[in-house]
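Accompanying notes for the structure given below.
Predicted model, so just to flag it, every value in this text is computed and none were measured.
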Amino acid sequence: MSRPQDEMAEEGEEVFRNLTEVKKSQIVMPCHANHRQELSVGQLLKWMDSTACLSAERHAGCPCVTASVDDIHFEHTIGVGQVVNIKAKVNRAFNTSMEVGIVVNCEDLFSDSHWRVCQAFATFVTQRTTGGKVQLRPLVPRTQEEQVEHSLAAERRRMRLVHADIMKDLLTNRAFQQVEVQEAEKAVPAERTQVESVELVLPPHANHQVNTFGGQIMAWMENVATIAASRLCNAHPTLRSIDMFHFRGPSQVGDRLVLKAIVNNAFKNSMEVGVCAEAYQGEEPLRHINSAFMIFEVCDRDGKPCTLPKIQPEPLVRGRRRYQEAIARKKIRLDRKYIISCKQTEVPLSVPWDLSNQVYLSYNNVSALKMLAARNNWVLNSEKNKVSLYTLEQKQVLSFKIEFEADVPAERAFMVLSDLSKRVEWDPNYERCELIHRVDDDDFLYRVVTPSICQGGDFILLASRRPPCDSGDPYVIALRSVTLPTHPPTEGYNRGEVLCAGFSIMEVSNTVSKISYFNQASPEVLPYISTDIAGLSSSFYGTFCTCSTFLQDNRDNPTPKDQPPSSTLNSTLL
């Protein structure tokens with residue numbers, strides 16, 4: 001395990017090392033491997049959990065336990081003789097919990113090659129022997145990478161808090177309630193895949209507070225899940241991902257841990273296995289410790305996924321419920337994978353919006369703007385009377401930033417600018433802006449009409465606003481394009497796309513705010529700013545001077561009430 005001191009550096013060279021960073025390097029031995037001579041995922045989970053726990057305790061200064069782990073996608077397997085390199089560090093500390101980021105890489109000592117295996121985010125909480133919670137001290141990010149992760153941690157926390165509600169809302173949708181079990185010949189009865197196993201928690205399975213390691217529980221759960229998956233396909237499955245899960249309660253040395261697994265549903269090339277862990281001592285009733293959902297595949301010799309047999313759910317009501325819930329989780333899993341896990345440049349522009357993926361689109365919207373704002377290689381293109389235009393060219397994508405100060409409190413500027421329907425009063429590039437739907441207090445859907453030399457353009461935008469989580473955080477108003485089946489492209493207009501745009505508002509003083517407007521220029525947006533970037537015009541200056549004047553004119557007006565949801569959004573979309 002790495003030591004907390006900074007790594008050795010050349011004389012005169014200063015190397016910054018995050019004090020919460022913990023590294024673990026482990027060569028994979030045969031005792032760590034499965035029948036294919038690959039590292040057992042259960043063993044990897046144990047190493048990841050212990051490394052992350054040490055990082056959390058380094059910041060908290062007291063014992064910590066695992067509260068939850070976000071989705072984990074395993075990109076590659078690790079063979080015997082290869083080296084596993086795990087790095088964990090605290091991304092952000094909240095009041096009594098903290099997010100720890102974990103990165104796992106593999107190293108081949110003979111070819112000197114390295115590759116990413118997986119990335120995970122775990123939430124840890126402090127634990128006192130006397131009971132009660134510990135108020136954590138804030139974590140101050142130092143590098144650009146840490147500042148981005150620190151900012152995004154708040155968005156990930158927001159998603160964790162509503163994850164259960166998303167699942168509940170999706171299952172109440174008629175489309176999932178009407179899902180019929182598909183009858184198929186040679187379908188495998190779900191009862192055949194059931195597994196139950198009991199483990200006795202011994203001192204080697206526990207931490208210094210005699211609580212069972214979360215990683216050890218996950219390893220036992222992975223074991224029974226693998227057996228259940230094998231019973232469906234009569235082959236050796238490969239674990240591809242684990243859905244977000246929460247530890248419901250602690251387990252201690254002396255507990256009997258009852259582990260149950262069953263295949264909930266089988267899709268064409270993958271299957272979902274549900275696993276439950278319960279604990280008891282003596283004659284006491286079972287305590288629910290954790291539930292998880294694991295996704296397995298079976299690959300042929302070329303590494304391609306094989307077609308799996310169909311599953312016949314249990315005849316009881318709970319069997320049908322598991323079958324339906326697995327379909328709903330697959331929908332959520334795809335949303336999270338293709339909206340959150342992808343790089344910004346890989347996310348499709350026209351992502352269809354609906355309530356089930358709203359949280360993930362909102363996360364992608366805000367995180368993309370925060371990452372764009374955190375870039376440190378912006379180039380000053382022009383400046384006029386303290387209104388500055390910056391550009392950033394990266395991977396053939398041109399972004400621009402316009403920055404100025406306004407004699408308006410940051411909170412007030414945030415409230416005024418977050419109402420896009422008012423933007424037509426100061427931005428000549430907004431001809432019309434109508435509110436389509438108020439999703440909640442922080443997210444809104446708008447239709448924007450813009451003028452053009454040849455033909456007008458229209459945009460369907462998701463606007464996501466966020467107040468600061470801590471002092472020093474900016475107010476954020478993020479914009480991105482989405483599609484709505486109720487609002488197809490309008491005849492006579494070109495449907496435009498906004499990759500990433502919005503405002504970041506920092507408090508300079510109680511009466512002054514620094515406002516930065518960002519836009520990752522798409523082909524539809526570039527014509528509006530290209531002459532300014534080329535130095536042939538300074539229209540940006542006039543536009544944002546008008547914006548500053550508009551803010552000052554609305555400085556002392558009462559804060560407008562949230563706009564009511566529009567009835568133009570067809571209920572079938574919801």
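A salt bridge between E434 and R447 is present, with a side-chain N of the basic residue lying under 4.0 Å from a carboxylate O of the acidic one.
In this structure, R495 forms no cation-pi arrangement with F459, as its terminal cationic atom is not both closer than 6.0 Å to the ring centre and no more than 45° off the ring axis. Under a cutoff of 6.0 Å and an axis angle of 45°, R240 and F74 do not form a cation-pi pair. A cation-pi geometry, defined here as NZ or CZ lying under 6.0 Å from the six-membered ring centre and within 45° of its normal, does not hold between K46 and F213. In this structure, K401 fails the cation-pi test against F518, since its NZ or CZ atom is not both closer than 6.0 Å to the six-membered ring centre and inside 45 degrees of the ring normal.
Taking the six-membered ring for Trp and the full ring otherwise, the centers of W353 and Y360 sit at least 6.0 Å from each other. For Y517 and F544, the ring centers are positioned less than 6.0 Å apart.
Side-chain polar atoms of N264 and E325 form no donor-acceptor pair below 3.5 angstrom. Side chains of S25 and N85: a donor-acceptor N/O pair is present below 3.5 angstrom, by distance only. A side-chain donor from one of E403 and S516 sits under 3.5 Å from a side-chain acceptor of the other.
Legend: salt bridge (charged side-chain N to carboxylate O under 4.0 Å, His left out) pairs involving residues 363-383, not counting sequence neighbours: none detected.
For the salt bridge (Lys or Arg N to Asp or Glu O under 4.0 Å) test, no residue two or more places apart in sequence or in another chain qualifies with D108.
Across all their heavy atoms, A410 and Y475 have their closest contact at CB-CE1, 3.7 Å.
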